[in-house]
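Chain identifiers are assigned alphabetically (A, B, ...) following the order of the sequence lines, protein sequences preceding nucleic acid strands; residue numbering begins at 1 within each chain.
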Amino acid sequence: MKILRDRVYSEWFWAYMFLGVDIAWSIVFLFYPILRAFLYSFQNFTLENVGNPQFIGLANYIKILKDTTGWWYSIKISVLYTLGVVPVGVLLPLGLALLINPLDKKSQNFFKAAFYLPGVVSGVVVALVLRWIFYPEVGLINWVLVKFGGHPQTWYANPDLALFTLILMSWISSHGWGIILYSAALSRIPKSIYEAADIDAASSWTRFWKITWPLLKPVTLYVVIISIINSLQNFWGAFFITRGGPMRATEFVNWRIYTTFYMDGNYSLASAQAVILMLIIAILSVINFKFFGKGVEY
Amino acid sequence: MSKKFIGVLLLVSFLLLNTSAFAQKEDVINVIISVTAESGAAAYWVEVGKAFERARPGVKINWVFPASWGDYIKKLNLALAARQGPDVAWGNADYLNVPGRGLENLEDIISIPQEYFTEEELAAMGPAVLYNASYPDRGLVIWPWSVYTGGIGNMIVNATYLKSVGLSPDKIREKGWSTEEFVKAMQKIKAKYNADAFYLPPAELERAAVIIYESKKRPMYQAGLGTGCGSPYFDLETGEVILDEKLLARSWGWVYDLIYKYKLVKAESRGFKSGDVMDAFLKGAIVGFFGGPDNLATIKRHNQDVAMRKIKGKIINAAIVPVPYVKESGFGPVPDIISVYGYYNFKQVPYKGDAHTKNVLDFCDFITSVAFQPYLAAQGFPAVDTRLYSGKYAMLPTLYDLTDPNISYWLNFMRVVNLPGSGHLLRGLAYTPEARDAISKWYNESYIFNLEAMVYNKKTPEQAAKDTVDALKKIGASTKIFTPKAKDVKKMMDDFERQREVHLKQLGLWNHPLTWRGIK
């Protein structure tokens, strides 16, 4: 009895110890800033009155929602970016994982590591490399285009191409984590199911559509939600490469929040913008779970 | 024994009390400048502070070095909000006095008595510096230390290219050049070297686009477009929009023609970074760019590296020349806009007394002393074009190679031809908070957007200018633009214009071909 009590005590103790670190971290660096941002969003807290912010109710929210040329324009840009990024952000990792999965263990590891590499490199480095690849005059892509008889493009320096260029950059650089998730999910699908399909003489497409795809649904749902969140929160492209331009073509919501905060010095307005973005993401995630999570087994 | 012991104890206590009393009497000067603690400059400033402490026993300098520029602004604002602003803070009139960025609480700033400067010092600074460091009814509030230019009036060009097509930088510096002469020269250079006229990254496009606009003569209080939301877009007297649509279209159209008619500028260079401009200039890919003589140091280093074969490349013979202007009736040379940096002294609660204020102002005088200039120069801090007007050591001839015609031209041009920026007065005093917000939004969402739309050939210059001015008119129709202080600002500008005329006439420069003279 004592041994059991000790063991339980010990297990609980260590469980709380490990959880405690994470909970403390989340409280200090996640929940507290969110709470403060929420409180600031109801104040007129700007650089002008740092020491004397006042409660102004919903004024910041009303100002944002009425800002058709600013806020809603940024929402439009972020939504367009999300629509461009998410489908490919799901299908490309899935396709690559399907290609990698049949390979031997060594090759699998090599490709997984290679595709995941941009994920462990600093975002600044990735942005600078991508900027060089798409540089309007002498970038790598233009060099390749010219070599194959194409015309060099101005990419992110062109208002018609800038958003697409950032979408393209996302396709190139941010699918590593999706490949890892899909590879892990694929390896967990029991071979016996495929063997049964083989006995029924199922085609490759039927095997994928009737077995692989339904069994990958939980991962797909996760990848979709995370991709939507990442896309709506996109910032690095605007910050390191386009500065929101040209012609406001890449004026994402997060870029607007950044400029409102750092350039305009309007902390409470930026906080309200961040709260609205958080709500939008939360609503979209709930919708995803509700409509696309049906039949998903975890 | 015990009496002896008590006696010693009393003596020690007395001495300790006295020492602490002396320590309390020590006058502490709190200083915050935008230098990070890790930088070499911070160590230097600490040494400067110690030197002052040695010269002034009883005064202690307490440095606050921020972690970043943002941290600097935050620290400063928090201190001001608590009515415990630092005794000395570094900043400029145009930037730090923008409401929303700090230091705008004018009542917190102690004016510097004019008597603190000698006649020679005031003359050396000139009216433009004094104006830019002052406020209506407040006089001088910044201890002037350094001066930056807006970069609109001058540009750095490849002298070899210009000479090869028969143009002399010396002559351009003497008499200026017209926009037509500029285009012809660039066409010849393009044919000869395949070099573009200039690039269009942020700041460069904004400067190029207002060259013709700024070349038009107008009252001084209407000059200075291209300085963002602090520009004079509304008439200080009538409150009406003064951004001239036709002139704006012509000014932007000049850039449009350079891109699409003459093919001397690449539209896609709008997407380049500022650093790309210097790279292109050093490679000979562009003829010039808009900037001050601090860029000459970079070019000089490049030339040294090429000469010493540290890097491959060509030696670039750079020259500073005024930007081209319209040689027609009603037009004239483009003035550069200066921005003064210096030191503020803040009131504190409770008030520490006049002796403290005097110590603070003496310290300001001390830290702008020429004695520290060689050290500063060796550290590369601050940049070469910043140390122009520093108290009695104004112009700092020892630091500049005055035999370099670029430098001597620029120093002279800077002192007498340039105009002071009025952004700090417009933003800080004249515009209402609602107008500031609306103008700032308009500048980003309409002015820059339409300018870029024209660069990318999405709109004609006329359409872009019309849309821009129309959007501005909407602000004028729906927002209260000016505060009652606007009248004082206008008066101050008019006073400056008169002082400037007297000053230039005293210097015999009133009729100089490059002296900007507006209309009244």
Side-chain angles (χ1 to χ4, degrees), chain A residues 44-53 63 67-74 127-128 131-132 134-139 142 152-162 165-166 240-251 255-256 258-270, chain B residues 68-70 73-84 96 98-105 196 199-202 205 228-229 266-274 276 279-280 285 428 433 436-437 440-442 444-446 448-459 464 471 474:
Chain A
N44 62 347
F45 180 33
T46 66
L47 205 47
E48 272 177 89
N49 56 354
V50 169
N52 188 30
K63 189 175 182 180
D67 185 9
T68 50
T69 58
W71 172 257
W72 290 110
Y73 178 84
S74 293
L128 290 175
R131 182 175 171 258
W132 172 74
F134 286 92
Y135 197 82
E137 249 191 347
V138 289
N142 274 348
Q153 299 297 319
T154 49
W155 303 111
Y156 58 79
N158 179 338
D160 298 329
L161 279 180
T165 305
L166 293 190
F240 291 113
I241 299 170
T242 62
R243 309 298 289 177
M247 284 180 70
R248 305 179 66 199
T250 57
E251 212 175 85
W255 173 252
R256 175 160 295 277
Y258 169 81
T259 53
T260 306
F261 191 96
Y262 285 102
M263 294 182 188
D264 301 341
N266 197 332
Y267 307 135
S268 47
L269 192 66
Chain B
S68 62
W69 173 255
I73 296 289
K74 197 176 80 183
K75 281 193 164 75
L76 206 49
N77 275 282
L78 285 171
L80 285 173
R83 304 284 294 164
Q84 286 298 321
L96 286 177
V98 177
R101 285 176 177 163
L103 302 193
E104 73 282 358
N105 300 316
D196 288 336
Y199 281 168
L200 300 171
L205 169 62
C229 59
K266 287 188 184 83
E268 66 266 27
S269 66
R270 176 62 176 168
F272 295 175
K273 299 281 177 195
S274 300
D276 297 337
D279 288 348
R436 282 194 317 253
D437 284 351
S440 186
K441 191 171 161 62
W442 164 84
N444 292 319
E445 292 179 5
S446 185
I448 295 295
F449 176 82
N450 284 307
L451 180 56
E452 288 186 331
M454 182 210 72
V455 165
Y456 290 110
N457 209 11
K458 304 276 180 194
K459 288 184 182 182
K474 279 183 190 166

TODO: Decide yes or no on side-chain contact (heavy atoms from CB on, under 4.5 Å) for B/D276 and A/Y135, but give the supporting numbers first.
DONE: CA-CA 11 Å; B/D276 297 337; A/Y135 197 82; 2.8 Å; yes

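Proximity to chain A (any heavy atom under 4.5 Å) is shown, for B/F449, by both the backbone and the side chain. B/K273 touches chain A through backbone and side chain together, each having a heavy atom under 4.5 Å away. Neither the backbone nor the side chain of A/N266 comes within contact range of chain B; no heavy atom of the residue lies under 4.5 Å from a heavy atom of that chain. For B/D437, the part lying under 4.5 angstrom from a heavy atom of chain A is the side chain only.
For the pair A/N142 (side chain) and A/P136 (backbone), a donor-acceptor distance under 3.5 Å is present.
Listed here is the closest heavy atom pair of A/M263 and A/Y258: CE-CE2, 3.8 Å.
A cation-pi arrangement, defined by a distance under 6.0 Å to the six-membered ring centre and an angle within 45 degrees of its axis, is present between A/R248 and A/Y73.
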